[in-house]
Peer 1: 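What follows is a single structure, and I will ask about it in a moment.
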Protein chains: 2
Amino acid sequence: MNETPALTKNQSLVMSVLSEAKSPLSAYQILDELRPEGLRAPLQVYRALDKLTEHKLVHRIESLNAFVACSHAAEHGGEMVAFAICEACGRVEEFCDPVLQSRLAAWSHEHDFIPTRTTLEIKGRCAACH
Amino acid sequence: MNETPALTKNQSLVMSVLSEAKSPLSAYQILDELRPEGLRAPLQVYRALDKLTEHKLVHRIESLNAFVACSHAAEHGGEMVAFAICEACGRVEEFCDPVLQSRLAAWSHEHDFIPTRTTLEIKGRCAACH
DNA sequence: CAAGATATGTAATGTAATAACATATCTGAC
DNA sequence: GTCAGATATGTTATTACATTACATATCTTG
């Protein structure tokens with residue numbers, strides 16, 4: 001299995017900002033947080049995000065063009081991850097569901113489709129916001 | 001129920017471009033197709049896309065920042081729609097699945113989450129591309 | 001240490017989406 | 001018919017998101 005290698009300086013900086021955030025941040029928001037640390041260009045953030053996403057320490061929320069720290073304490077398998085996004089408070093809940101996963105696998109198999117990545121994002125209102 | 005009102009000029013133009021496309025198009029690609037018809041600004045396209053999306057004649061593919069014509073001949077109910085996107089040929093297959101839908105509804109109910117919109121996009125290789 | 005790989009820094013550019021404001025067209029009440 | 005409000009359109013400028021291209025530094029490992 002793939003070990004998670006030690007993070008580089010920029011990766012650590014980006015990771016720490018995301019870990020403390022209460023909701024997803026855009027790359028440019030992360031950059032702003034890290035200007036005091038000396039980061040200047042978007043690419044520095046995007047490169048770190050690429051690696052962190054590869055290691056699954058960070059997930060990209062496609063419908064927001066933003067990023068969140070993974071909330072699964074440790075290792076993902078090859079599992080699909082889903083997100084519930086509150087439109088009121090901005091918080092995101094990450095979850096896995098074996099039924100969803102197997103149903104999608106079944107669809108793919110039936111249609112001779114080889115999946116590489118699944119995006120599943122539900123927007124709405126969380127328990128705290130209604 | 002909401003009737004689909006007649007389309008306006010720009011809405012028709014955008015709709016016809018998307019209907020003929022083999023894969024999703026970005027707003028700017030649509031704009032380029034419609035320059036000969038006299039469109040000049042992104043906003044003209046975005047406004048049409050907003051309305052078409054509202055009427056569910058067009059779907060936005062979040063993971064591509066692009067748009068496709070709905071392939072369901074006629075009316076959606078409140079159903080969730082999913083997409084399988086081929087990374088090789090770019091084609092998108094739209095599908096509905098009651099099991100996925102009810103499972104997501106169950107998750108939402110259990111977590112006291114009120115969903116408004118669901119994004120479900122699978123990327124991979126379609127039958128024709130392997 | 002030298003060589004290749006990985007990480008970083010910087011500027012410029014490309015792509016996606018919206019804000020603000022002006023004008024035109026459509027529609028129903030009178 | 002015409003006036004008023006709503007809807008649609010046109011145009012410019014700006015904001016937000018992401019990548020290309022190139023230079024430099026640091027980290028392995030033989």
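Letters go in sequence order (proteins before strands), and every chain restarts at 1.
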Peer 1: If you only use heavy atoms from C-beta on, which nucleotide in dT19(D), dA17(C), dA7(C) is closest to the side chain of Tyr46(B)?
Peer 2: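 Looking only at heavy atoms from C-beta outward on Tyr46(B), the closest nucleotide is dA17(C).
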
Peer 1: Side-chain N or O of Ser26(B) versus OP1/OP2 of dT15(C): is the shortest distance under 4.0 Å?
Peer 2: no

Peer 1: Parallel, tilted or perpendicular: which one describes the rings of Trp107(B) and Phe113(B), with boundaries at 30° and 60°?
Peer 2: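 Judged by the thresholds at 30° and 60°, the geometry between Trp107(B) and Phe113(B) is perpendicular.
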
Peer 1: dC17(D) base stacked by Tyr28(A)? Criteria: ring centres under 5.5 Å, plane angle under 30°.
Peer 2: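 Yes, Tyr28(A) stacks on the base of dC17(D), since the ring centres sit under 5.5 Å apart and the planes are within 30°.
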
Peer 1: Tell me whether Arg47(B) is salt-bridged to Asp50(B), with the criterion being a basic N under 4.0 Å from an acidic carboxylate O.
Peer 2: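 No, Arg47(B) and Asp50(B) are not salt-bridged.
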
Peer 1: When the nearest nucleotide of DNA chain C is assigned to Ala6(A) and to Phe67(B) on a heavy-atom basis, which residue is associated with the more 5' position?
Peer 2: Ala6(A)

Peer 1: Just compare dA16(C), dA7(C), dT11(D) and give me whichever is closest to any side-chain atom of Leu43(B).
Peer 2: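 Nearest to the side chain of Leu43(B) among the choices is dT11(D).
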
Peer 1: What is the distance from CD of Glu62(A) to C1' of dA16(C), rounded to the nearest Å?
Peer 2: 14 Å

Peer 1: Looking for any heavy atom pair under 4.0 Å, which part of the strands does Arg40(B) touch: base, sugar-phosphate only, or nothing?
Peer 2: sugar-phosphate

Peer 1: Going by distance alone, is a donor N or O of one side chain under 3.5 Å from an acceptor N or O of the other, for Thr119(A) and Glu62(A)?
Peer 2: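 No - no donor-acceptor pair under 3.5 Å links their side chains.
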
Peer 1: For the pair made of CG in Leu25(A) and P in dA18(D), what is the distance, rounded to whole Å?
Peer 2: 13 Å

Peer 1: Ignoring hydrogens and geometry beyond distance, is a side-chain donor-acceptor pair present between Glu94(B) and His59(B) at under 3.5 Å?
Peer 2: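 Note: Glu94(B) and His59(B) side chains meet the donor-acceptor criterion.
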
Peer 1: Once you round it to whole Å, what is the distance between P of dT15(C) and CG of Asp32(B)?
Peer 2: 10 Å

Peer 1: Over how many whole Å does the gap from Leu31(A) atom CG to dG9(C) atom P extend?
Peer 2: 12 Å

Peer 1: For Leu34(A) and dT8(C), what is the distance between atoms CG and C1' respectively, to the nearest whole Å?
Peer 2: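 Value for this atom pair: 14 Å.
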
Peer 1: Closest to the Arg47(B) side chain: dC17(D), dA16(C), dT9(D)?
Peer 2: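 It is dT9(D).
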
Peer 1: Out of curiosity, Leu64(A) CG to Glu87(A) CD, how far, rounded to the nearest 0.5 Å?
Peer 2: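 Result: 9.0 Å between the selected atoms.
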
Peer 1: Rounded to the Å, how far apart are Lys51(A) NZ and dT6(C) P?
Peer 2: 7 Å

Peer 1: Lys9(B) has a side chain; which of dA18(D), dT9(D), dG9(C) sits nearest to it?
Peer 2: dT9(D)

Peer 1: For Asp50(A) and dT6(C), what is the distance between atoms CG and C1' respectively, to the nearest whole Å?
Peer 2: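 Atom CG in Asp50(A) sits about 14 Å away from atom C1' in dT6(C).
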
Peer 1: Distance check: side-chain N/O of Arg60(B) vs OP1/OP2 of dA16(C), anything under 4.0 Å?
Peer 2: no

Peer 1: Take atom CG of Leu7(B) and atom C1' of dA8(D), then tell me their distance rounded to the nearest Å.
Peer 2: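 Value for this atom pair: 13 Å.
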
Peer 1: Among the candidates dT19(D), dT9(D), dT10(C), find the nucleotide nearest to the side-chain atoms of Ala41(A).
Peer 2: dT10(C)

Peer 1: Strictly below 4.0 Å: does Asn65(B) bring a side-chain N or O up to OP1 or OP2 of dA18(D)?
Peer 2: no

Peer 1: Out of dA17(C), dT11(D), dA18(D), which has the shortest distance to the side chain of Gln44(B)?
Peer 2: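 From the listed options, dT11(D) comes nearest.
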
